[in-house]
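One structure below.
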Amino acid sequence: MAELPSGTVTFLFTDIDGSTRLLHELGAERYAEALAEHRRVLRKAFAHHGGVEVDTQGDAFFVAFPTASGALAAATDASAALVSGPIHVRIGVHTGEPLLTDEGYVGHDVHKAARIAATGHGGQVVVSDATRLAAGVDLRPLGAHRLKDFATPEQLWQAGDGRFPPLKSLNQTNLPVQPSPLVGRKRELEQGGRLLREHRLVTLVGAGGSGKTRLSLQLASEAVEAYPQGVWWVPLQGLRDPELVESTVASVLGAKAELIDHLAGKRLLLLLDNFEHLIGAAHVVAAILARTEHVHLLVTSREPLRIAGESVQTVEPLPNDDAVTLFLARAAQVEPLAAVEEICRRLDGLPLAIELAAARTALLAPDQLLARLDQRLSVLTGGRRDAPDRQRTLRATIEWSHDLL
């Protein structure tokens, strides 16, 4: 195997568009032949322009190039060579300065290149702004796009003049950009993703501060590609009248007709966040399910909606290892670690309480904070100023629950 380039490196990711459909159409034997020819063509183009194959998984390639111009030339040649065959690949190209270790590349540039490739369509070459600048070439602008797991929108470009549908980025959504990665919740994400694929209504149910909203936003962002008409977040915490839920959803969607008429024929996901105080509007959700075919709903609430077709997923507190990880990620001071672990145990793994406790380490060391947790309602304050009022202190969260009763 050739030596992997280091320093400034341009990554190229490929993936076959519609591989399952092609397998069904061609049959196993013909598909295997087409797949082998596709691999031969790609490897020839990569090698000709100085690319080094880093990894191959299934029908996808991960290749590193010492120059941006070489990567673009290889991508263009590969797409052109496949144009007359049954297989077409989407290609993403991005330039960065990753860390090269004995086990391969490490760094966010690797993930960004993969995310860029995932936005494209068969036969399309999608290029980051960093690669365009490094290669010094003129490309077709595709606009700024939000990529999954990246907070800042990325300016993307297309190599070649082909016409394709809109990129499959997070742009078909109003989901808020998260300032930090989700901690833990791997099992919950897998379960929630499966439920969303199998059911049209999934309700995340849990106590106040258990992280339902954050989990739902991650689930929704990971499901964007499944919904051509988008994923739409409808925050309901500021609403008090259940009669206003339908008009609020319509407003978020920019509906000019009645909500049901606007949704007819669309394949989209609605995230109705903080529904517990508006249970009287459950009939709106029931009507959407009954009168549309492809609209899915993800709801966060402290209790189930109890309507036909609902699948309920309970959101439990974090296990202690993940709770400690969350505390360390948010804290200004992290010593002594034993005090941090005890704080997380005392707070029962409740994400909101842990974030509020971590915020207090700007003033108190963890062992000092631990000593004051008997007065946790007065200590656990000072949440993010841009958070809803009920999430700025633990007392406010409990008061919200009391008011619901």
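Note that the numbering runs from 1 along the sequence shown for the chain. Just so we're clear, the structure is a prediction, and the values are computed from it rather than from any experiment.
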Assess whether a salt bridge exists between Arg194 and Glu198, defined as any Lys/Arg side-chain N lying under 4.0 Å from an Asp/Glu carboxylate O.
yes
For Arg214, check side-chain contact (heavy atoms from CB on, under 4.5 Å) against everything at least two apart and list the hits.
Gln178, Leu182, Gln218
Verdict with reasoning, Phe11 to Phe62, per ring pair (Phe, Tyr, Trp, His ring centres under 6.0 Å):
CA-CA 7 Å; Phe11 294 127; Phe62 171 22; 5.4 Å; yes
Contacts of Asp129 that satisfy side chain to side chain donor-acceptor pair (under 3.5 Å) - sequence neighbours left out
Arg132, Trp157
Residues in side chain to side chain donor-acceptor pair (under 3.5 Å) contact with Thr56, at least two apart in sequence or another chain:
Glu53
With a 3.5 Å cut-off and no angle check, do the side chains of Gln158 and Gln124 form a donor-acceptor pair?
yes
With Arg306 via side chain to side chain donor-acceptor pair (under 3.5 Å) - residues at least two apart
Glu303
All N/O donor-acceptor pairs, side-chain side in residues 110-119, below 3.5 Å, sequence neighbours left out:
{"unit_1": "Lys112", "atom_1": "NZ", "unit_2": "Glu154", "atom_2": "OE1", "d": "3.2"}
{"unit_1": "Arg115", "atom_1": "NE", "unit_2": "Lys148", "atom_2": "O", "d": "3.2"}
{"unit_1": "Arg115", "atom_1": "NH2", "unit_2": "Asp149", "atom_2": "OD2", "d": "2.7"}
{"unit_1": "Thr119", "atom_1": "OG1", "unit_2": "Ile116", "atom_2": "O", "d": "2.7"}

Checking His199 now: which residues fulfil side-chain contact (heavy atoms from CB on, under 4.5 Å) with it, not counting sequence neighbours?
Leu195, Val202, Ser311
Under 3.5 Å donor-acceptor, Ser69 side chain and Ala135 backbone:
no
Arg345 meets the side chain to side chain donor-acceptor pair (under 3.5 Å) criterion, sequence neighbours left out, with Glu342
So how far is it from Leu215 CG to Gln191 CD, rounded to the nearest 0.5 Å?
9.5 Å
dist Leu204:CG -> Lys212:NZ (nearest 0.5 Å) comes out at 9.0 Å
Tyr31 meets the ring-ring contact (aromatic ring centres under 6.0 Å, His included) criterion, sequence neighbours left out, with none
Taking all atoms of both residues into account, what is the closest heavy-atom pair of Ala220 and Leu271, and its distance?
CB-CD2, 4.2 Å
Rounded to the nearest 0.5 Å, how far does CH2 of Trp232 lie from CG of Leu253?
7.0 Å
Phe65: what forms a ring-ring contact (aromatic ring centres under 6.0 Å, His included) with it, not counting sequence neighbours?
none
For the pair Lys168 (side chain) and Pro228 (backbone), establish whether a donor and an acceptor sit closer than 3.5 Å, ignoring hydrogens and angles.
no
Checking the side chain of His38 only, and the main-chain atoms of Leu35 only, is there a donor and an acceptor separated by less than 3.5 Å?
yes
Quick test of your reading of the model: are Arg187 and Glu190 salt-bridged, counting only N-O distances below 4.0 Å?
no
Which of Asp273, Asn174, Thr213 passes side chain to side chain donor-acceptor pair (under 3.5 Å) with Trp233? It is Asp273
So does Pro166 get a backbone contact from the side chain of His121, meaning a donor-acceptor N/O pair under 3.5 Å?
yes
Do Glu37 and Arg40 pass the salt bridge (Lys or Arg N to Asp or Glu O under 4.0 Å) test, and can you show the C-alpha distance, the side-chain angles, and the key distance before you say yes or no?
CA-CA 5 Å; Glu37 175 62 12; Arg40 185 192 66 78; 2.7 Å; yes
Contacts of His88 meeting ring-ring contact (aromatic ring centres under 6.0 Å, His included) (sequence neighbours excluded), chain-then-number -> none
Pairing residues for Phe275 by the ring-ring contact (aromatic ring centres under 6.0 Å, His included) criterion, not counting sequence neighbours
none
Report all side-chain donor-acceptor pairs from residues 72-85 shorter than 3.5 Å, counting only partners two or more places apart or in another chain.
{"unit_1": "Thr76", "atom_1": "OG1", "unit_2": "Leu72", "atom_2": "O", "d": "2.9"}
{"unit_1": "Asp77", "atom_1": "OD2", "unit_2": "His49", "atom_2": "NE2", "d": "2.7"}
{"unit_1": "Ser79", "atom_1": "OG", "unit_2": "Ala75", "atom_2": "O", "d": "3.2"}

